[in-house]
4 protein chains.
Amino acid sequence: MSQDNSKPPVGKPGRPRSEAARRAILQTAHEILVADGLGRLTIEAVAERARVGKPTIYRYWRNAQELAMAALMADTPLEPAAEGHGSARMRLQAHVEHLLETFTTVRGRQIAQAMAAADQESELAKAFRSRVILQYREKARSILTDAQANGEIALKTDIEVILDMLHAPVFYRLLVGHQPLSQSFGLNIIDTMWAALAPTNGRGATLPKS
Amino acid sequence: MSQDNSKPPVGKPGRPRSEAARRAILQTAHEILVADGLGRLTIEAVAERARVGKPTIYRYWRNAQELAMAALMADTPLEPAAEGHGSARMRLQAHVEHLLETFTTVRGRQIAQAMAAADQESELAKAFRSRVILQYREKARSILTDAQANGEIALKTDIEVILDMLHAPVFYRLLVGHQPLSQSFGLNIIDTMWAALAPTNGRGATLPKS
Amino acid sequence: MSQDNSKPPVGKPGRPRSEAARRAILQTAHEILVADGLGRLTIEAVAERARVGKPTIYRYWRNAQELAMAALMADTPLEPAAEGHGSARMRLQAHVEHLLETFTTVRGRQIAQAMAAADQESELAKAFRSRVILQYREKARSILTDAQANGEIALKTDIEVILDMLHAPVFYRLLVGHQPLSQSFGLNIIDTMWAALAPTNGRGATLPKS
Amino acid sequence: MSQDNSKPPVGKPGRPRSEAARRAILQTAHEILVADGLGRLTIEAVAERARVGKPTIYRYWRNAQELAMAALMADTPLEPAAEGHGSARMRLQAHVEHLLETFTTVRGRQIAQAMAAADQESELAKAFRSRVILQYREKARSILTDAQANGEIALKTDIEVILDMLHAPVFYRLLVGHQPLSQSFGLNIIDTMWAALAPTNGRGATLPKS
DNA sequence: GCATAAACGAGACGGTACGTCCAGTCTTCCC
DNA sequence: GGGAAGACTGGACGTACCGTCTCGTTTATGC
């Protein structure tokens, strides 16, 4: 099964979709998001400002939420930083701090909100989560498995839970707002987590290797 | 300094607000929330079903979101379970499992969504967070400080971060949905955290009390 | 440069306005007017009963008053009777009696009220006046000028004032209600006016011919 | 026969109505009428600006229209000018010109509108008509009957119709607005009417008796 | 002089309607 | 024959007033 859906190589009948319209829509959606926030991103407003018909928008996205996610994704990297150097701990700390930095912005809050508000089952929501969340998780996962291979750490419990405990606090503070997203926050997360991950041979939290 | 502003003991002029109307609104809002979800909670629908004028609703709440939060709050306990027994670890595990249980429901998802979607600055949103989130935190905090006093654990970093790492993963999975909110999830969180908190004496994360 | 904007013969983009919707609105408005009167003609009621969205109504008329006028106009002739026969006096009498007949109905009162209540400057109010009032005036004017040409009457003063004195009493009694709009009313108006219009050659209003 | 129903001299129990409140209401209503017109005269606005409770207003008037009429009546004379001098024609002309003058004002239009819009059957509407309309008619009637007694004119048809033809054109132009309410308008009405009223001895406007 | 009763201000009540915004769908032209 | 654009139906918004109804207060009369 080969796919030729990305670009119609053989003549599809009918008028081809206007790439200019698509770009204008995303551009306008992004402007509105930055200027007025998620709540003001209505299909109608986008259509008017992008000089585009509403059905043209609906042809690409099923509702305003999906458009918002698409606009937020199209915008800028969002990917975790490139592979760092140094010890696993340093690399993990850099990773969390990069996450913090990325989401400690107006856009960060918008992304978190969009994700929380979205229909959990929609295709785009999954893509969005994958893009925004899972990439960070995979990066962290590789750091952790590398570290385990090196003997730097011992993964005693489900690594998924470790990943949750590393990333969740950032989004939690972002959405709940009970505590600031300070610089030291990332450091503290790593400190705590490292205590849990340190390989031990005595009594305490962890089992001896032998 | 005594306050009598909560209940007007001395005569305020004008017809007093109808407590019956207020209750009917909250009751109806809650019914709609349970039956149809947050998206269907419109002021108009509540007004009609509660046999109440729309302005009466707006007198109490500024929009449907605030009403939703009020209805979710008025509903049921939401408080963390009463003080458990046994070791600190067992009590903390019971605490996290209770949190999991509470939010692994339709209503749990609704609460999380309402919180994520709400205007972060509104009075009611703050009250809601306080009610839903902070009570759990305070409960966990007291377990942790007790445990520290007993020497069961050693709090080496900011306790706020510890609390985040204990609670955030639940909401994270709830909103992002990348992994299930299984029973073992709570156990794994506690396992990992306990490794970080255990007092140790050798190298590694912690020192033993000895 | 020719204009073809009055009627779009060549394609305007977008869905054309639904003539069916427009007719349903006017039809419903008319039904409500007849059944319940001007005061009950609300946009909301019309929208609901005509199975039409409120914005569709507002796309054509700016408020309920304009809709009322449009409905009253669209309804039935409202025009003065066709040219009669006989002497100018007989034709003028028939004219006034037709006016009386037309407005001695529920609808007549409604029309008069709508006209009195309307914003004097609105486009539709002008059109309405033109349709309801001025057509009658023009008809009467032609009778009078014909009669003058024949020597049947002599127009000694401003013909506009004559027209006012012929028509105004009908609306006056309609709105004020101090006296009935009886059959003999029209006759009396003509009698009085004819005394004023009779051609004379001597002193006073009139002189015997011989 | 003495009446003591206007002011209760014998003791009615309870607090007497506040004349100050009544005056404040009428005063405020009048201010709003002059400043913003009939459409803005709401009970709520009057209550607020007059520092009065809404029920106090409803105690006197059944709705905003009645209040409007009351305010318009309470305002200024509205009566026809005192008896003039000179010939009947001169006095009648003065009368019509006074009517013109009175209603060629913002307030004139408001009065005419209020009268046209009012429930024809309500007590106050009747009183209002009586006050505004009938007083003028009675004045004109007395001029006409005096003139007939003097032989200045001959009333050949229903005097009510004559009165209508004298007064109606003013209100007609006021409400319909098809022609200006100029100074010469009154003169022309009188000219035309006088032609109809002149006593004759031959045939002409009227048929000789024999 | 003290109870009674009505009118007072204030303001919340259930409602109706407003005029607007936006969601999605439908219909027509144009490419 | 699909894309584009605008009018469509319809649901909800938040506001303005309606006319009614408590409230607690004030101000008279009459027991």
Side-chain angles (χ1 to χ4, degrees), chain A residues 12-18 21-22 40-48 51-59 62-64, chain B residues 8 10-22 24 40-48 50-60 62-64, chain C residues 8 10-18 20-22 40-48 50-60 62-64, chain D residues 8 10-18 20-22 40-48 50-60 62-64:
Chain A
K12 259 195 320 186
R15 177 174 174 176
R17 294 194 175 179
S18 154
R22 189 190 150 91
R40 300 285 182 172
L41 186 78
T42 65
I43 299 292
E44 200 122 303
V46 173
E48 186 181 347
R51 311 278 295 148
V52 142
K54 283 201 287 174
T56 302
I57 300 178
Y58 282 110
R59 216 166 281 124
R62 292 152 40 83
N63 53 49
Chain B
V10 291
K12 255 195 324 188
R15 176 173 173 173
R17 294 194 172 179
S18 155
E19 192 53 38
R22 189 189 153 90
R40 300 284 182 169
L41 187 78
T42 67
I43 299 291
E44 205 130 287
V46 172
E48 186 179 347
R51 310 279 296 150
V52 144
K54 280 203 286 177
T56 301
I57 300 178
Y58 283 109
R59 244 188 296 278
Y60 289 102
R62 294 151 38 83
N63 52 51
Chain C
V10 292
K12 256 194 326 186
R15 177 175 174 173
R17 293 196 173 178
S18 155
R22 187 183 154 79
R40 299 284 181 170
L41 186 77
T42 67
I43 299 291
E44 204 129 290
V46 172
E48 186 179 348
R51 310 281 295 153
V52 143
K54 280 201 286 177
T56 301
I57 301 179
Y58 282 109
R59 219 168 274 126
Y60 289 102
R62 293 151 36 84
N63 52 50
Chain D
V10 291
K12 257 198 320 188
R15 177 175 174 175
R17 293 192 176 180
S18 155
R22 189 190 151 90
R40 300 284 182 170
L41 186 77
T42 66
I43 299 291
E44 204 128 291
V46 172
E48 185 180 349
R51 312 277 296 149
V52 142
K54 283 202 286 176
T56 302
I57 300 179
Y58 283 108
R59 216 166 278 124
Y60 291 102
R62 293 151 40 82
N63 52 49

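Computation of the quantities below employed the complete heavy-atom set of this structure, encompassing side-chain atoms and omitting hydrogens, waters and symmetry-equivalent molecules. Letters go in sequence order (proteins before strands), and every chain restarts at 1.
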Students often get this wrong, so: under 4.0 angstrom with heavy atoms, is Thr56(D) touching a base, only sugar-phosphate, or nothing? sugar-phosphate
Rounded interatomic separation in angstrom, taking CD from Glu48(B) and P from dA12(F): 9 Å
Both Gly53(B) and Arg15(B) contact DNA chain E. Which one's nearest nucleotide lies toward the 5' end? Arg15(B)
Position toward the 5' end of DNA chain F (nearest nucleotide), Leu41(B) or Pro16(C): Pro16(C)
Search all heavy atoms of Val46(A) against all heavy atoms of Leu41(A) and return the closest pair with its distance. CG2-CD1, 3.8 Å
When rounded to whole Å, the CD1 to P distance for the pair Ile43(C) and dG10(F) reads 16 Å
Nearest whole angstrom, please: distance from the P of dA12(F) to the CZ of Arg40(B). 8 Å
If you take atom types as modelled and just measure distance, does the side chain of Lys54(B) reach the base of dG15(E) with a donor-acceptor pair under 3.5 Å? no
With sequence neighbours left out, the residues meeting side-chain contact (heavy atoms from CB on, under 4.5 Å) with Arg59(A) are Arg17(A), Pro55(A), Thr56(A)
Return the minimal non-hydrogen interatomic distance between Ile43(A) and Asn63(A), and the atom names on each side. CD1-C, 4.2 Å
Atom-pair distance (CD on Glu44(A); P on dC22(E)), nearest Å: 6 Å
In whole angstrom, what separates Tyr60(D)'s OH from dA6(E)'s C1'? 12 Å
Indicate, with a heavy-atom threshold strictly under 4.0 Å, whether Ala21(B) touches base, sugar-phosphate, or nothing. sugar-phosphate
Results of salt bridge (charged side-chain N to carboxylate O under 4.0 Å, His left out) for Glu44(A) - residues two or more places apart only: Lys54(A)
Please pick, from dC26(E), dT20(F), dG11(F), the nucleotide with the shortest atom-to-atom distance to any side-chain atom of Pro55(A). dC26(E)
Gap between atoms CZ and P, on Arg51(C) and dT25(E) respectively (whole Å): 18 Å
Side chain of Tyr58(A) - closest among dG11(E), dC17(F), dT25(E): dT25(E)
Please state how far atom CZ in Arg59(A) lies from atom P in dG24(E), giving the value in whole angstrom units. 16 Å
All heavy atoms of Ala47(C) vs all of Gly53(C), minimum pair found to be CB-C, 4.3 Å
Value in whole Å for how far the P atom of dA5(E) lies from CZ of Arg17(D): 18 Å
Given dT15(F), dA23(E), dG19(F), the nucleotide with the shortest approach to the side chain of Asn63(D): dG19(F)
